[in-house]
Amino acid sequence: MKKIAVFSSGGDSPGMNACIRAVVRTGIYHGLEVFGIYRGYEGMIEGEIKKMQSHSVSNIVQRGGTILKSARSMEFKTYEGRKKAFEHLHALEIEGLVAIGGDGTFTGAKIFFEEFGIPTVGCPGTIDNDLFGTDFTIGFDTAVNTALDAIDKIRDTAASHDRVFFVEVMGRDAGFIAIESGIGGGAEFVLVPETKTDLDQIVSSLKNLRKSKSSSIIVVAEGDELGSAEQIMKLVKEKINDPSKDFKVTTLGHIQRGGKPTAKDRVLASRCGMAAVEGLIQGRTNCMAGIIHGEVVYTSFENSVGKPKPLLPDYLKLINLLSI
Ligand code: F6P
């Protein structure tokens, strides 16, 4: 293998730049030519591919976002789109890919390899932490700390005004951000897509909160089956039916996707980037380089995307136990 390319795809996450830097510099260290593909699969289809040098990735390790930009490509879901992408890679003699992204990115890479034989090793780039085969994904730690910082601030004002706050965090299918920011922020309840939300239990607990506890924080993952934080707040408010109780909603949204990556995310991203390139050199494909218990582990795309990553049961217990 002489030429490889790296791209970021799907929702961006803090630490993607540190990962790109590690891929480029590890590739150069091993004597490879490294190319950067802009805007994920979209740029692969359009041929937006540039040769990267060591200096192309200078001064980015601390920056959020991704210098290669990112996109969610509909065209890559079609055979014609993937064929165009292959033709651009073939013209540049690119023989291997490092894909930084999540489930959609890896699903696309797997089909692409089956059809056109270009091997891909993935790096887990998503704030949601919902990939099997790595303890943490790149960007998760930063997103949790961003959410936590917001929850701390909301708690100040919630306490001053004796209010009940519903704080919506990201997590379309997974409650990792909600659980960790909820535990760290001392939330009274955390509602996640993985478990059934019991509205009656929330209502009765809110009614029975000890007298000294006049404010509460309820963290809601955006994918909760009862709906958004706004919708759940309305249901709870209706059932409590007490005009003296004041309910508010804050949706944190994309603020969780930006910002300087934490040290944990930079190190994770650098390790995964190096492991992905070395995996390609060793002849690996269709797998994600992750870190489990401190060690690099390669997990097939099939498992990293297909196998559910469960929330730790003691996390859920902690929320109930600490909120009395
Ligand atoms: O996939 C990561 C994620 O942050 C989800 O939690 C969220 O639902 C989604 O991205 C939002 O994506 P977009 O920026 O494309 O709306």
Side-chain angles (χ1 to χ4, degrees), residues 14 64 127-129 139-172 174-260 262 311-312 314-324:
I127 63 166
D128 290 350
N129 198 30
F140 171 66
D141 188 58
T142 310
V144 167
N145 279 291
T146 301
L148 192 57
D149 189 42
I151 291 168
D152 287 348
K153 288 173 177 156
I154 289 167
R155 185 171 283 289
D156 289 345
T157 176
S160 303
H161 289 268
D162 295 339
R163 282 173 168 158
V164 177
F165 263 85
F166 288 76
V167 183
E168 184 176 300
V169 298
M170 275 190 168
R172 200 175 14 207
F176 292 98
I177 298 177
I179 285 281
E180 292 219 359
S181 62
I183 292 173
E188 274 66 28
F189 303 97
V190 178
L191 315 184
V192 293
E194 290 88 340
T195 59
K196 205 176 144 354
T197 297
D198 186 343
L199 204 62
D200 291 331
Q201 196 220 325
I202 297 170
V203 170
S204 79
S205 302
L206 279 175
K207 279 185 179 166
N208 296 327
L209 279 180
R210 60 183 152 82
K211 284 274 170 296
S212 56
K213 224 176 192 186
S214 56
S215 68
S216 302
I217 305 276
I218 301 170
V219 177
V220 182
E222 64 173 326
D224 189 79
E225 87 276 7
L226 283 189
S228 66
E230 181 75 37
Q231 288 164 323
I232 298 174
M233 182 277 283
K234 283 185 181 148
L235 294 173
V236 170
K237 190 176 174 181
E238 203 173 290
K239 283 195 175 240
I240 287 193
N241 194 22
D242 176 354
S244 72
K245 278 247 176 275
D246 204 355
F247 296 92
K248 295 281 174 195
V249 175
T250 303
T251 301
L252 300 185
H254 287 79
I255 191 172
Q256 296 158 96
R257 289 247 295 262
K260 269 162 84 94
T262 59
L311 291 174
L312 297 175
D314 66 323
Y315 277 25
L316 295 165
K317 184 177 161 194
L318 255 182
I319 304 270
N320 292 332
L321 193 147
L322 297 180
S323 66
I324 52 173

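The first residue in the sequence is number 1, and the count goes up from there.
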Asks: When you compare the side chain of T195 with that of L316, does any pair of heavy atoms fall below 4.5 Å?
Replies: yes
Asks: Donor-acceptor pair, D149 side chain versus N145 backbone, under 3.5 Å?
Replies: no
Asks: Evaluate the criterion side chain to side chain contact (heavy atoms under 4.5 Å, CB included) for residue pair L311 and F176; output intermediate values, then yes/no.
Replies: CA-CA 7 Å; L311 291 174; F176 292 98; 3.6 Å; yes
Asks: Less than 4.0 Å between a side-chain N and a carboxylate O, is that true for E230 and K237?
Replies: no
Asks: Would you find a donor on one side and an acceptor on the other, under 3.5 Å apart, between the side chain of T142 and the backbone of T262?
Replies: yes
Asks: Say whether D224 and T197, considering side chains only, have a donor N or O and an acceptor N or O under 3.5 Å apart.
Replies: yes
Asks: Please check: side-chain N/O of T157 versus main-chain N/O of K153, any donor-acceptor pairing under 3.5 Å?
Replies: no
Asks: In the structure I gave you, are the side-chain heavy atoms of F140 and I177 within less than 4.5 Å of one another anywhere?
Replies: yes
Asks: Shortest non-hydrogen contact from V219 to A187?
Replies: CG2-CB, 3.8 Å
Asks: Considering non-hydrogen atoms only, spot the tightest contact between S215 and A158 and give its length.
Replies: CB-O, 3.4 Å
Asks: Rounded to the nearest 0.5 Å, how far does NZ of K245 lie from CG of L206?
Replies: 7.5 Å
Asks: May I ask you to test the K234-E238 pair for a side-chain heavy-atom distance under 4.5 Å?
Replies: no
Asks: Is the backbone N or O of G185 less than 3.5 Å from a side-chain atom of R155, with the two atoms forming a donor-acceptor pair by type?
Replies: yes
Asks: Show every donor-acceptor pair shorter than 3.5 Å between a side-chain atom in residues 249-256 and any protein atom, with sequence neighbours excluded, or say none if there are none.
Replies:
from : atom 1 : to   : atom 2 : distance (Å)
Q256 : OE1    : M170 : N      : 3.0
Q256 : NE2    : G253 : O      : 2.7

Asks: Can you tell me how far apart CD (Q231) and CD (E168) are? Round to the nearest 0.5 Å.
Replies: 9.0 Å
Asks: Go through the steps for Y315 and V190 under the test side chain to side chain contact (heavy atoms under 4.5 Å, CB included), then give the verdict.
Replies: CA-CA 10 Å; Y315 277 25; V190 178; over 6 Å; no
Asks: Decide yes or no for P14 and I127: does some side-chain heavy atom of the first lie under 4.5 Å from some side-chain heavy atom of the second?
Replies: yes
Asks: Nearest 0.5 Å please: distance from the CZ atom of F166 over to the CD1 atom of I217.
Replies: 10.5 Å
Asks: Measuring from atom CG of D242 to atom CZ of F247, what distance do you get when rounded to the nearest 0.5 angstrom?
Replies: 7.5 Å
Asks: Would you compute the distance between atom CD1 of I183 and atom CG of L318 and round it to the nearest 0.5 angstrom?
Replies: 5.0 Å
Asks: Do you know the tightest heavy-atom contact between A174 and P193?
Replies: N-CG, 3.8 Å
Asks: Between the main-chain N or O of V169 and the side-chain N or O of E222, is there a donor-acceptor pair closer than 3.5 Å?
Replies: no
Asks: Is the shortest heavy-atom distance from the side chain of I202 to the side chain of L191 under 4.5 Å?
Replies: yes
Asks: Applying side chain to side chain contact (heavy atoms under 4.5 Å, CB included) to D200 and K239, what does each step give before you reach the verdict?
Replies: CA-CA 8 Å; D200 291 331; K239 283 195 175 240; 2.9 Å; yes
Asks: How long is the straight-line distance from CD1 of I218 back to CE of M233, given to the nearest 0.5 Å?
Replies: 10.5 Å
